[in-house]
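Heads up: the structure comes next, in structure tokens.
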2 protein chains.
Amino acid sequence: MKSDTVYKRAFNQALDIIVAGNWEEGPPSETVLGRDMGVSRTTVRKVLSRLGERHILAAAERGRRTILRRPQPDDYFPDAETTSRTQHVESRFMDWMLRGDTRPGTLINELELARQFSVATASIREFLIRFSRFGLIEKRPNSGWLFKGFTPAFALELFEIRVMFELRSARLFAMQPADSPLWVKLEALRADHLKLLREIETRYHDFSDLDSRFHQLISRAVPNRFIDEFYDVISLIFHYHYQWNKKDEKQRNEAAIEEHLAYMDGLESRDVTSVERACLHHLNSARETLLRSLMSHDEFGKSP
Amino acid sequence: MKSDTVYKRAFNQALDIIVAGNWEEGPPSETVLGRDMGVSRTTVRKVLSRLGERHILAAAERGRRTILRRPQPDDYFPDAETTSRTQHVESRFMDWMLRGDTRPGTLINELELARQFSVATASIREFLIRFSRFGLIEKRPNSGWLFKGFTPAFALELFEIRVMFELRSARLFAMQPADSPLWVKLEALRADHLKLLREIETRYHDFSDLDSRFHQLISRAVPNRFIDEFYDVISLIFHYHYQWNKKDEKQRNEAAIEEHLAYMDGLESRDVTSVERACLHHLNSARETLLRSLMSHDEFGKSP
DNA sequence: AACTTGTTTTTTGCCGTTAAAAAACGTACC
DNA sequence: GGTACGTTTTTTAACGGCAAAAAACAAGTT
């Protein structure tokens, strides 16, 4: 059956809101609550009912509920129970693919994965169909899925497209009118970059988030659904890949921040040539990093 | 349960082979047969067994089966029984989307479509997940799918990418060495274009096939899985779209053939500027055609 | 009339199961 | 040892069903 992670996540979220002291006057209406937490009223009512059972919230009295006590750590549902089946399958699969000794050419067996991840085959199937657009697996009808490998060839093809898309978006960004709100956002992002650079010693893994915010800002200046979709591919690849490859993370990120700053200078100069130069410089070094990491994985982690 | 379309298609295919007179000495071994028809031995045996039941093939005698009679039209399974569930859902959905009065912003209901197409919801779900990469629908978790519409905006975004990819591929094609087999293939394709142009009055719908062969040839010169995948999007869109919009088909195709020929001249000149000019000219007119057709559909077919 | 909460209906997400199809296993023949 | 065919096992494709979550409906309140 369907998992109740939506409810459990919403419940934890409600506890956070109470802790933050936002319900001093009692919670807002069910409808408003549902909108704020992004769930249906059905779920809101389930959350409120549990808050009542646990004596955190008093029963409604003349349409007003009051807070009885401050939530404690053990009121929360554990994190493991708040990740949906879909997320679970995704992370297990990425792990299996990136960390396991899965070699290019391997045939993926739905049934086996289902057993291994303890989910139904349908969940695996749906995931694989969704995942197939990332270009790493390919369907063989009435047979399994072919794993094509997270290989240098994959990285090169990915970056060929990425360069085309990013150059296009960077050029269009530089052509935005001076009063566009994008420039303000870019300045804010520059400030975040500078801040992170000062605190690089301790906060260097926060770069990954900054990186995706930066590239999203550029590419969303003039949106195109196919480019947006492609960025989902990039994000997922980098998300899992960097979770696995921590080597030289600090140096890599420090260098990338400098490249981003130069890239921003280029954009603000509005000079196409310097935009392109800075953009290419950054993407080339990103490609090198990814390639180097794939090679070393091949050499030390996977050879027979 | 699973449909037996694989078997039925294979059976019809076997009848064709017999009619073509290729089994005069009896059929080859089950293994070879399976490889040739692209099915497993299990299916081959089912086919052979039915051929026996219907007295088309005699029982094996000293390892040799012989043909008893020539297959008749009523030996064939009807076409309707040879289309897989997946194909069926695809064509029904495209019809629903393109011909029906489905407006942008409509929420797609899995259950309703399942009932309408008489398939299980899982089949619809899987199709929608696969289809979502075409950028026309978007998932709303725990709710349905949002139909974003086959709108001019969609066509413009599609062509923005198409132009980027095609210019890249055309440039790379023009840079191929003179002894590359691609040039031979291009010449053959040119001949097909000229032939079709001469017989345009009667054979004008054959252009669609020629068009996709031409663009595939160019883009596969230096392959990139993401570009290949994007061409699947283009092919599907054009396949169903032109099935529906027949207006001015002859003139449109005639003009497109001329553009293709100019494009080929550009490629063979190996001059980047002329390649780009011819390529852009063709793509611009293709975009115009699609846009015009979308507009007229909006105006006359769908307005309330 | 817009809002709020209680109740019912519908739809999604997910599992278990079954027939079709593939793959693996076994045996015999040359 | 390789190839051909009979048999068994495994896997995919697709259905029906059930709990979670959303959506629709209903009635009461301000």
Side-chain angles (χ1 to χ4, degrees), chain A residues 1-10 27-34 37-49 60 62-65 84-86 88-89 107-115 118-129 139-145, chain B residues 1-10 27-35 37-49 60 62-65 84-86 88-89 107-115 117-129 139-145:
Chain A
M1 325 103 205
K2 205 169 178 172
S3 66
D4 57 357
T5 54
V6 171
Y7 152 61
K8 287 176 175 168
R9 241 194 328 269
S29 83
E30 292 173 359
T31 319
V32 172
L33 219 51
M37 306 206 295
V39 296
S40 74
R41 253 188 70 224
T42 309
T43 305
V44 168
R45 301 187 96 235
K46 230 176 133 181
V47 167
L48 290 175
S49 130
R62 285 188 302 109
R64 269 275 160 255
R65 296 164 197 267
S84 71
R85 212 64 105 253
T86 313
H88 175 241
V89 170
L107 273 168
I108 296 170
N109 186 318
E110 294 178 4
L111 203 59
E112 195 189 307
L113 285 186
R115 281 192 287 246
S118 9
V119 293
T121 49
S123 307
I124 299 285
R125 253 179 112 70
E126 285 180 13
F127 171 78
L128 292 175
I129 295 172
K139 177 104 245 265
R140 293 283 134 100
N142 288 312
S143 175
W145 295 79
Chain B
M1 324 104 207
K2 203 167 178 172
S3 65
D4 57 357
T5 53
V6 171
Y7 152 60
K8 287 175 175 170
R9 242 194 326 270
S29 83
E30 292 174 359
T31 318
V32 172
L33 218 50
R35 185 159 30 73
M37 306 206 292
V39 296
S40 73
R41 251 188 72 222
T42 310
T43 304
V44 168
R45 302 188 98 235
K46 231 176 132 182
V47 168
L48 291 175
S49 130
R62 285 188 301 108
R64 269 275 159 255
R65 297 164 197 267
S84 71
R85 212 65 105 255
T86 312
H88 175 240
V89 170
L107 273 166
I108 296 169
N109 186 320
E110 294 178 4
L111 202 60
E112 195 189 306
L113 285 186
R115 282 191 287 245
F117 301 172
S118 11
V119 294
T121 50
S123 307
I124 299 285
R125 250 178 117 69
E126 286 179 12
F127 171 78
L128 292 175
I129 295 171
K139 175 105 244 264
R140 293 283 133 100
N142 289 311
S143 176
W145 295 78

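Every chain is numbered from 1 and lettered A, B, ... according to where its sequence line falls, protein lines coming before strand lines. What you are looking at is a predicted structure, and each value in this text was computed from that prediction instead of being measured.
When all heavy atoms of Thr43(A) and Ala10(A) are compared, the closest pair comes out as CG2-CB, 4.2 Å.
If Asn142(A) and Tyr7(A) are placed on DNA chain D by their nearest nucleotide, the residue sitting closer to the 5' end is Asn142(A). Toward the 5′ end of DNA chain D lies the nearest nucleotide of Arg140(A), the other residue of the pair Val6(A) and Arg140(A) mapping further downstream. In this structure, Lys46(B) and Ser29(A) both approach DNA chain C, and ranking their closest nucleotides by distance from the 5' end singles out Ser29(A). Mapped onto DNA chain C by nearest heavy atom, Ser3(B) and Ala122(B) fall at different nucleotides, with Ala122(B) at the one closer to the 5' end.
Contacts of Ala114(B) classified as side chain to side chain contact (heavy atoms under 4.5 Å, CB included), with partners at least two apart in sequence or in another chain: Thr121(B), Ile124(B). The side-chain hydrogen bond (donor to acceptor under 3.5 Å, both in side chains) test applied to Arg140(B) returns Glu138(B), not counting sequence neighbours. Not counting sequence neighbours, the partners of Ser49(A) by the side chain to side chain contact (heavy atoms under 4.5 Å, CB included) test are Glu53(A). Lys8(A) pairs by the salt bridge (charged side-chain N to carboxylate O under 4.0 Å, His left out) definition with Asp4(A), Glu81(A), not counting sequence neighbours. For the ring pair (Phe, Tyr, Trp, His ring centres under 6.0 Å) test, residues two or more places apart in sequence or in another chain that qualify with Tyr7(A) are Phe77(A). With sequence neighbours left out, the side chain to side chain contact (heavy atoms under 4.5 Å, CB included) criterion links Thr31(B) to Ser29(B), Arg41(B). Taking Glu126(A) as the reference, Arg125(B) meet the side-chain hydrogen bond (donor to acceptor under 3.5 Å, both in side chains) condition, with sequence neighbours excluded. Considering only residues two or more places apart in sequence or on other chains, Phe117(B) meets the ring pair (Phe, Tyr, Trp, His ring centres under 6.0 Å) condition with none of them. Take Arg115(A) and apply the salt bridge (charged side-chain N to carboxylate O under 4.0 Å, His left out) test, not counting sequence neighbours, and it matches no residue.
For the pair Thr43(B) and dA22(C), the criterion of a side-chain N or O lying under 4.0 Å from OP1 or OP2 is met.
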Test side chain to side chain contact (heavy atoms under 4.5 Å, CB included) applied to Val39(A) and Arg9(A), step by step
CA-CA 10 Å; Val39(A) 296; Arg9(A) 241 194 328 269; over 6 Å; no

Test Val89(A) against Leu113(A) for side chain to side chain contact (heavy atoms under 4.5 Å, CB included), laying out the working first.
CA-CA 9 Å; Val89(A) 170; Leu113(A) 285 186; over 6 Å; no

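In this structure, Glu30(B) atom CD and dC25(C) atom P are separated by 19 Å, rounded to whole Å. Rounded to an integer number of Å, the gap from CG of Leu113(B) to P of dA14(D) is 17 Å. For the pair Arg35(B) CZ and dT3(D) C1', the computed distance is 12 Å after rounding to whole Å. In this entry the distance linking CG of Leu33(A) with P of dA22(D) reads 13 Å, nearest Å. The distance between atom CZ of Phe127(A) and atom C1' of dG13(C), rounded to the nearest whole Å, is 17 Å. Protein atom CZ of Arg125(A) is 11 Å distant from nucleotide atom P of dC15(D), rounded to whole Å. As a whole-Å value, the separation of His88(A) NE2 from dC14(C) P is 12 Å. Here dA21(C) presents its C1' atom at 15 Å from CG of Leu107(A), a figure rounded to the nearest Å.
In the set dA20(D), dA22(C), dC15(D), the nucleotide with an atom closest to the side chain of Ser123(B) is dC15(D). Considering only the side chain of Ser40(B), dA21(C) comes nearest among dA20(D), dA21(C), dC5(D). The side chain of Met1(B) has dA19(C) as its nearest neighbour among dA14(D), dC15(C), dA19(C).
Taking five base pairs at each end of the helix from dA1(C)-dT30(D) to dC30(C)-dG1(D) and finding the rotation axis that steps the C1' atoms of four pairs onto the next four gives two axes whose angle is 30°, to the nearest 10°.
Thr42(A) comes within contact range of at least one nucleobase, with a heavy-atom separation under 4.0 Å. Using a 4.0 Å heavy-atom criterion, one finds that Thr86(A) contacts the sugar-phosphate atoms exclusively. Within the nucleic acid shown, Lys139(B) comes within 4.0 Å of sugar-phosphate atoms alone, with no base atom in reach, counting heavy atoms only.
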Might you list the N or O atoms of the protein lying below 3.5 Å from N or O atoms in nucleotides 26-30 of chain D, with each pair's distance?
none

All N/O pairs under 3.5 Å across the protein-nucleotides 9-11 of chain C interface:
residue : atom : partner   : partner atom : Å
dT11(C) : OP1  : Asn109(B) : ND2          : 2.9
dT11(C) : OP2  : Arg115(B) : NH2          : 3.3

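Considering only heavy atoms from C-beta on, Trp145(A) comes within 4.5 Å of Ile129(A) through its side chain.
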